[in-house]
Amino acid sequence: MLRATLTGLLLPAAAALECEQIHQDDRIDCLHGDEDSCRAASCCWSPVDPNPGNLPWCFFSNRTMQSCTLGGDVKEPFSDAEVAEVLKLFEANLDAEGSGEVMASPDHATGPGGDYYFAWARDGALSMHAYLQTKGLKGAEEKMEKWMAWVERSINQPDPNNIDILVEPKYLIPQGTPYTGGWCRPQNDGPGLRAITAMALAAEKPEAGARVWELVKRNLDWVAANYSSETCDLWEEVRSTDFFWNRYTMRKALILGSRFAHSVGKDEARAMKYEAAESRITEALSGHFDSKSFVIESTNRQKDTAVIEAFNVGDMGDGYCGSLTKPVIVTLSGLSDLFCKSYAVNQKAAAAGIPGVLFGRYEGDSYDGGNPWVLLTASVATLLYRQAQEFPTTLMGSEDKEMLKKLLGREVTVQNLVGAGDALLLLMKKYLTNGMHMNEQIDRNDGSLKSAKDLTWNYANVLKAMNARKAALATTTLVI
Ligand SMILES: *[C@@H]1O[C@H](CO)[C@@H](O)[C@H](O)[C@H]1NC(C)=O
Ligand SMILES: *[C@@H]1O[C@H](CO)[C@@H](O)[C@H](O)[C@H]1NC(C)=O
């Protein structure tokens, strides 16, 4: 009896000490909302008020967050035969019904998103660019022609939703007219992305120059005049006049557009106009770096992997948000940590000593439960491969290098950066259950494939990652 009383008195004090030793960031929610039920479950109770980071007040005393590492050995994530299979699935979603349009997914009835069988301006432009990059002009020419013709048709029709046709997000297949149901409109990333892809075609096929210039002019005149207009974000959920994704990809479109205006359009006035708009955008982009140089997508969507996709899609090779710069490394590291802790699949991998992290969209995402996304995990792999390729010729700051080293858990070398990209893709591939078919999401708890089937953007990003890997290996003397 005495013994029981003593234990009853002493244990809470001892437990409390242990509890306070668990760092706030390492606490795992024990899922009890009040002190009594929390203590009854032998969990730790420690209110956090104010609590902007949404930390658990009740957390396990015997389990803490595992930290993830990206440090893996170089190991080909997809064989040539598997890449060919991915390409086949990708190609099946292009030129839908002979319309030239790119379907987001063939899935008519998916989870909470409903029907994905529509042509999004953004997905289409990104996918066709990836297609051209992957197959080269000869292999991609026919479908590129169809897509160009569709884009020309799409922006030269009246708009049924009373917005500018250039910023319509989504179109019917095969009619090619804008979707007229309720939707988050407008989305102002389309014009710049279309222009970038069309100019990539002209770079490979100079005879298409005049035709591409007509398209570029129309789209970039809009961007130069309206880049700061209010828009929905690329996830079609929140509104702002200033998303990093939109601004950074517009920046690239305007830099390329200014050169194109000069060389092909012979239009000096436009070349100057695009350049002037670009420098205003670049100036405004500095507002997206927080005090630690973490890059925020927008004030209402701070931690968002959209910025990593932007680092890849909008890179001009001019050092601004280059792959090995401080903002990019800080952001990569911050998001890696966020998603490592957000998803049980990542925690399980970490506990098992498996390197890699599956990346989701943004902090607090709850769409279909809030899960890792295939296209974003592939995008982060692309960034790591780009880092590998650029590492030998980049002079890095020592602090930045130290942070990257911590993320890898290894020395920063070409080999280890390629290994990190491989770790991400291999972890993602572990959850594929039907050949190379890839759904939009991977369940955060059990790793099952979720939401839209055969998402076109997934395939585009996996192919881009594998292209970037090949480029990294080709430009280095890496011995595997
Ligand atoms: C950890 O703590 C929880 C909650 O107090 C308890 O249910 C669980 O059995 C404990 N696990 C181990 C391995 O001790
Ligand atoms: C800018 O946007 C407005 C509103 O959509 C549109 O009327 C105008 O034509 C656009 N400017 C250019 C140059 O396209």
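We're numbering straight along the sequence, starting at 1.
- Within the 4.5 Å cutoff, side-chain heavy atoms of Trp57 are placed close to those of Val48.
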| task | Could you go through the disulfide bond (SG atoms under 2.5 Å apart) check for Cys38 and Cys58 one step at a time? | result | CA-CA 6 Å; Cys38 180; Cys58 179; 2.1 Å; yes
| task | Would you sort out whether Glu275 and Ser279 count as a side chain to side chain donor-acceptor pair (under 3.5 Å), showing the intermediate values? | result | CA-CA 6 Å; Glu275 204 181 296; Ser279 66; over 6 Å; no
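- A salt bridge does not link Lys303 to Glu297: none of the charged nitrogens lies less than 4.0 Å from a carboxylate oxygen.
- For Arg301 and Tyr362, the positive end sits near the middle of the six-membered ring, less than 6.0 Å away and at most 45° from its axis.
- The shortest heavy-atom contact between Leu407 and Ser336 is CD1-OG, 3.6 Å.
- Phe244 does not carry Arg247 over the face of its six-membered ring by the limits of under 6.0 Å from the centre and within 45° of the normal.
- The environment of NZ in Lys348 is crowded: more than 12 heavy-atom neighbours from other residues, nucleotides or ligands sit within 6.0 Å.
- A cation-pi geometry, defined here as NZ or CZ lying under 6.0 Å from the six-membered ring centre and within 45° of its normal, holds between Lys170 and Phe118.
- Formation of a donor-acceptor pair under 3.5 Å by the Arg122 side chain with backbone atoms of Leu234 is found in this model.
- Note on ring orientation: taking the six-membered ring where Trp is involved, the planes of Tyr367 and Trp373 are tilted (angle from 30° to 60°).
- Within 6.0 Å of the CD atom in Glu411, the count of heavy atoms belonging to other residues, nucleotides or ligands does not exceed 12.
- Between the side chain of Thr197 and the backbone N or O of Ala125 there is at least one donor-acceptor pair closer than 3.5 Å.
- In terms of modelled atom types and a separation under 3.5 Å, the side chain of Ser366 and the main chain of Gly369 share no donor-acceptor contact.
- For the pair Lys135 and Glu91, the salt-bridge criterion is met [side-chain N within less than 4.0 Å of a carboxylate O].
- No side-chain heavy atom of Asp400 sits under 4.5 Å from any side-chain heavy atom of Thr325.
- Met428 places a side-chain heavy atom less than 4.5 Å from the side chain of Val462.
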